Protein chains: 2
Amino acid sequence: MDGTILFHVDCPSRLLFEQIADKWSMMILTVLDENPTRFNELKRRCEGVSQKSLSQTLRRLERNGMVDRHVRSTSPVAVEYSLSPLGVTLLVPFRALYRWTCDNMEAVETARREFDVRE
Amino acid sequence: MDGTILFHVDCPSRLLFEQIADKWSMMILTVLDENPTRFNELKRRCEGVSQKSLSQTLRRLERNGMVDRHVRSTSPVAVEYSLSPLGVTLLVPFRALYRWTCDNMEAVETARREFDVRE
DNA sequence: CGGCATCCTTTTGGATACTG
DNA sequence: CAGTATCCAAAAGGATGCCG
């Protein structure tokens, strides 16, 4: 009678989703999709991100194989981040989600107003 | 020379993305896609969610127009949640993301192992 | 059954200072 | 420039008790 879906705590898709569905990952990957970008430039483009959050998120993205980190041994050092091949594939569903938010922004705002009136 | 993308703090897609990219929304919507589901049944299917987090997330999903809440005045009360038409459209990009996590789980785990060895 | 209110712990994140 | 380390404030989240 009822459905059968159960999201177990060890469900692999859950573990992975929790790695990518954060506030900054999609933004960072989208910026990197345009150009390989250096740390501080990335920080400027993702307005509001702190240095700490940015470096943490970049580290996680790198660890998960979505971003490549390239160090140029100039002086001072230049560190360039770029999309890995895996990161490129992730951008496909991300873009679909991004487009959904753009397409449905108004519908959501209308729903919010109606909800707030009901309360 | 550089790219031109800038994610402003007021960027509407950011504001909306932060509403849907949380730990539970995708799971809840996926369960509801199978059947309209009652609160405690939903809680059982999304293993690990607390009552507090579930009710908060459901409230937000309802406010954003993605979920409908229907109260049956039996005794005790039965509250049934279901996907709204808007929620149905959101599931499309969500499913693409879900599929990506399933398809690329192993690639990510390999990348992690390699990263951890490098450190 | 489906919550809300409260308390309390844990996590997150910002600010600052420091380093190669 | 590109971080790391530390400290502290803010927010999220679990546990519990209560209610219609």
Side-chain angles (χ1 to χ4, degrees), chain A residues 1-2 7 9 14-15 17-28 31-32 35-63 67-82 115-116 118-119, chain B residues 1-3 7 9 14-15 17-28 31-32 35-64 67-82 115-116 118-119:
Chain A
M1 45 178 225
D2 285 330
F7 285 102
V9 280
R14 267 182 69 162
L15 299 174
F17 184 75
E18 283 160 30
Q19 294 274 316
I20 60 182
D22 67 284
K23 191 172 177 180
W24 302 113
S25 289
M26 189 176 82
M27 261 181 271
I28 292 172
V31 172
L32 295 186
N35 290 294
T37 309
R38 291 172 59 179
F39 187 87
N40 282 314
E41 177 68 17
L42 214 34
K43 186 168 181 307
R44 276 186 293 274
R45 295 205 188 281
C46 302
E47 206 176 61
V49 71
S50 69
Q51 190 180 44
K52 185 183 179 179
S53 299
L54 181 58
S55 68
Q56 282 175 347
T57 307
L58 281 171
R59 243 178 131 48
R60 185 175 55 246
L61 288 172
E62 189 196 356
R63 178 167 187 264
V67 154
D68 291 328
R69 180 174 179 273
H70 183 71
V71 183
R72 287 182 206 292
S73 306
T74 54
S75 169
V77 200
V79 180
E80 196 169 77
Y81 292 90
S82 59
F115 180 92
D116 292 346
R118 280 204 299 278
E119 306 309 278
Chain B
M1 47 177 224
D2 286 331
F7 285 102
V9 282
R14 268 182 69 162
L15 298 173
F17 184 75
E18 282 160 30
Q19 295 273 315
I20 60 181
D22 67 283
K23 192 173 176 180
W24 303 112
S25 290
M26 189 175 82
M27 262 181 271
I28 293 171
V31 172
L32 295 186
N35 289 294
T37 308
R38 290 172 59 179
F39 187 87
N40 281 313
E41 177 68 17
L42 214 34
K43 186 168 181 307
R44 276 186 292 274
R45 294 204 189 280
C46 302
E47 206 176 61
V49 70
S50 69
Q51 188 181 46
K52 185 182 180 179
S53 298
L54 181 57
S55 68
Q56 281 175 346
T57 307
L58 281 170
R59 246 183 124 56
R60 185 174 56 245
L61 288 172
E62 189 196 356
R63 178 166 186 263
N64 287 331
V67 154
D68 291 327
R69 180 173 179 273
H70 183 72
V71 183
R72 287 183 205 292
S73 307
T74 53
S75 170
V77 198
V79 180
E80 197 169 78
Y81 292 90
S82 59
F115 180 91
D116 292 345
R118 280 204 299 279
E119 306 310 279

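Naming: A, B, ... by sequence-line order, numbering from 1 per chain. Everything quoted here is computed from the prediction, not taken from an experiment.
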When rounded to whole Å, the CD to P distance for the pair B:Glu41 and C:dG2 reads 10 Å

Mind checking the OG-CD spacing from A:Ser55 to A:Glu62? Nearest 0.5 Å is all I need. 11.5 Å

Taking atom P of C:dT11 as reference, at what distance in whole Å does atom CG of A:Asp22 sit? 18 Å

Close approaches to DNA chain D from residues 48-62 of chain B, in residue order (heavy atom, under 4.0 Å): B:Ser50, B:Lys52, B:Ser53

Please walk me through it: do A:Phe39 and A:Leu58 pass side-chain contact (heavy atoms from CB on, under 4.5 Å)? CA-CA 9 Å; A:Phe39 187 87; A:Leu58 281 171; 3.8 Å; yes

What integer distance in Å separates B:Glu18:CD from C:dT12:P? 16 Å

Least distance between heavy atoms, B:Val31 atom then B:Arg45 atom: CG1-CD, 3.6 Å

Spacing of A:Trp24 atom CH2 relative to C:dT12 atom C1', expressed in whole Å: 13 Å

Drop me the distance from A:Arg69's CZ to B:Arg118's CZ, to the nearest 0.5 angstrom. 10.0 Å

Value in whole Å for how far the P atom of D:dA2 lies from CZ of A:Arg38: 4 Å

Step by step, would you call A:Leu42 with A:Val49 a side-chain contact (heavy atoms from CB on, under 4.5 Å)? CA-CA 9 Å; A:Leu42 214 34; A:Val49 71; over 6 Å; no

Quick check on C:dG3: is either OP1 or OP2 less than 4.0 Å from any side-chain nitrogen or oxygen of B:Arg69? yes

To the nearest angstrom, how far is B:Gln19 atom CD from D:dA12 atom P? 11 Å

For a quick test of reading the model, state the closest non-hydrogen atom pair linking A:Ser53 to A:Trp24 and the distance between them. CB-NE1, 4.1 Å

At their closest point, which heavy atom of A:Ser50 faces which heavy atom of A:Lys43, and how far apart are they? C-CE, 4.2 Å

Nearest 0.5 angstrom please: A:Gln19 CD to A:Arg14 CZ, how far? 13.5 Å

Ranking C:dG2, D:dA2, C:dG3 by distance to the side chain of A:Asn40, first place goes to D:dA2

Counterpart residues, salt bridge (charged side-chain N to carboxylate O under 4.0 Å, His left out), relative to B:Arg44 (two or more places apart): B:Glu41

Name every residue in residues 70-78 of chain B that has at least one heavy atom under 4.0 Å from any atom of DNA chain C, in order of residue number, or write none if there are no such residues. B:Pro76, B:Val77

In whole angstroms, how far is the P atom of D:dG13 from the NZ atom of B:Lys43? 15 Å

Sequence-distant partners of B:Asp68, side chain to side chain donor-acceptor pair (under 3.5 Å), two or more places apart: none

A:Ser25: partners by side-chain contact (heavy atoms from CB on, under 4.5 Å), with sequence neighbours left out: A:Asp22, A:Thr57, A:Arg60, A:Leu61

Report for the helix from C:dC1-D:dG20 to C:dG20-D:dC1: angle between first-end and last-end helix axes, five pairs each, rounded to 10 degrees. 50°

For a quick test of reading the model: is some side-chain N or O of A:Tyr81 closer than 4.0 Å to OP1 or OP2 of D:dC1? no

